[in-house]
Amino acid sequence: MKVFPFLGLALAAVLVTAPAYAVDVVNQDQTEAQILVTDNQGSDLMRVQPGESFIEICTKCTINLGGEAMQFEGSQIAVIRDGRLSIKTN
């Protein structure tokens, strides 16, 4: 019976087409923002220019902006506006 090769192909197809959810960051301010992104692999200091976006920076992380820290995960978008962070759900 040749069920196993078919199951292997079906599983591979599901894995390839499964959506990958990751957090994005967008700076809607007119000034550069420095954020500290911390996940289970460590921390990265990032400079985000006005109007700039970073796509898929983490799957689950803490973002710190000027002493304000927020948790993000999945397809959420970290929005920088008026010097503060907010969460937008995609």
Side-chain angles (χ1 to χ4, degrees):
M1 199 165 184
K2 296 189 178 194
V3 174
F4 292 112
F6 174 76
L7 290 177
L9 289 174
L11 179 61
V14 168
L15 292 176
V16 169
T17 59
Y21 297 111
V23 176
D24 299 342
V25 174
V26 61
N27 184 358
Q28 295 181 346
D29 275 348
Q30 298 298 317
T31 58
E32 176 186 272
Q34 277 192 315
I35 59 172
L36 182 65
V37 180
T38 305
D39 62 12
N40 60 356
Q41 296 180 354
S43 297
D44 286 315
L45 186 62
M46 302 174 71
R47 293 178 184 261
V48 189
Q49 299 300 319
E52 186 174 32
S53 296
F54 287 104
I55 307 300
E56 299 181 353
I57 63 166
C58 63
T59 54
K60 183 177 182 181
C61 59
T62 301
I63 299 177
N64 188 307
L65 172 67
E68 174 187 21
M70 295 183 76
Q71 300 285 326
F72 294 88
E73 65 181 300
S75 61
Q76 293 177 326
I77 301 169
V79 178
I80 302 166
R81 184 182 308 129
D82 297 327
R84 301 192 58 131
L85 283 171
S86 63
I87 298 173
K88 178 180 175 186
T89 303
N90 195 7

Keeping to residues at least two apart or across chains, list the salt bridge (Lys or Arg N to Asp or Glu O under 4.0 Å) pairs with something in residues 37-46.
none
Nearest 0.5 Å please: distance from the CD atom of Gln28 over to the NZ atom of Lys88.
7.5 Å
Between atom SG of Cys61 and atom CG of Leu36, what is the distance when rounded to the nearest 0.5 Å?
10.0 Å
Any side-chain heavy atom of [X] sitting closer than 4.5 Å to one from [Y]?
X	Y	answer
Asn64	Thr38	no
Glu56	Asp24	yes
Ile80	Leu85	yes
Ile63	Ile57	yes

Ignoring hydrogens and angles, state whether a donor on the side chain of Thr89 or Gln76 is under 3.5 Å from an acceptor on the partner side chain.
no
Are more than 12 heavy atoms, taken from residues, nucleotides or ligands other than Glu68, located less than 6.0 Å from that residue's CD atom?
yes
For Ile87 and Gln71 the tightest heavy-atom approach is CD1-O, 3.8 Å
For a quick test of reading the model, state the closest non-hydrogen atom pair linking Gln34 to Leu65 and the distance between them.
O-CD1, 3.4 Å
State yes or no: do Met70 and Val23 share one hydrophobic cluster built from I, L, V, M, F, W and Y residues joined by side-chain heavy-atom distances below 4.5 Å, directly or via other members?
yes
Contacts table for residues 45-55: side-chain donor-acceptor under 3.5 angstrom, sequence neighbours left out:
from: Arg47; atom 1: NH1; to: Glu32; atom 2: OE2; distance (Å): 2.9
from: Gln49; atom 1: NE2; to: Glu32; atom 2: OE1; distance (Å): 2.6
from: Glu52; atom 1: OE1; to: Gln49; atom 2: N; distance (Å): 2.7

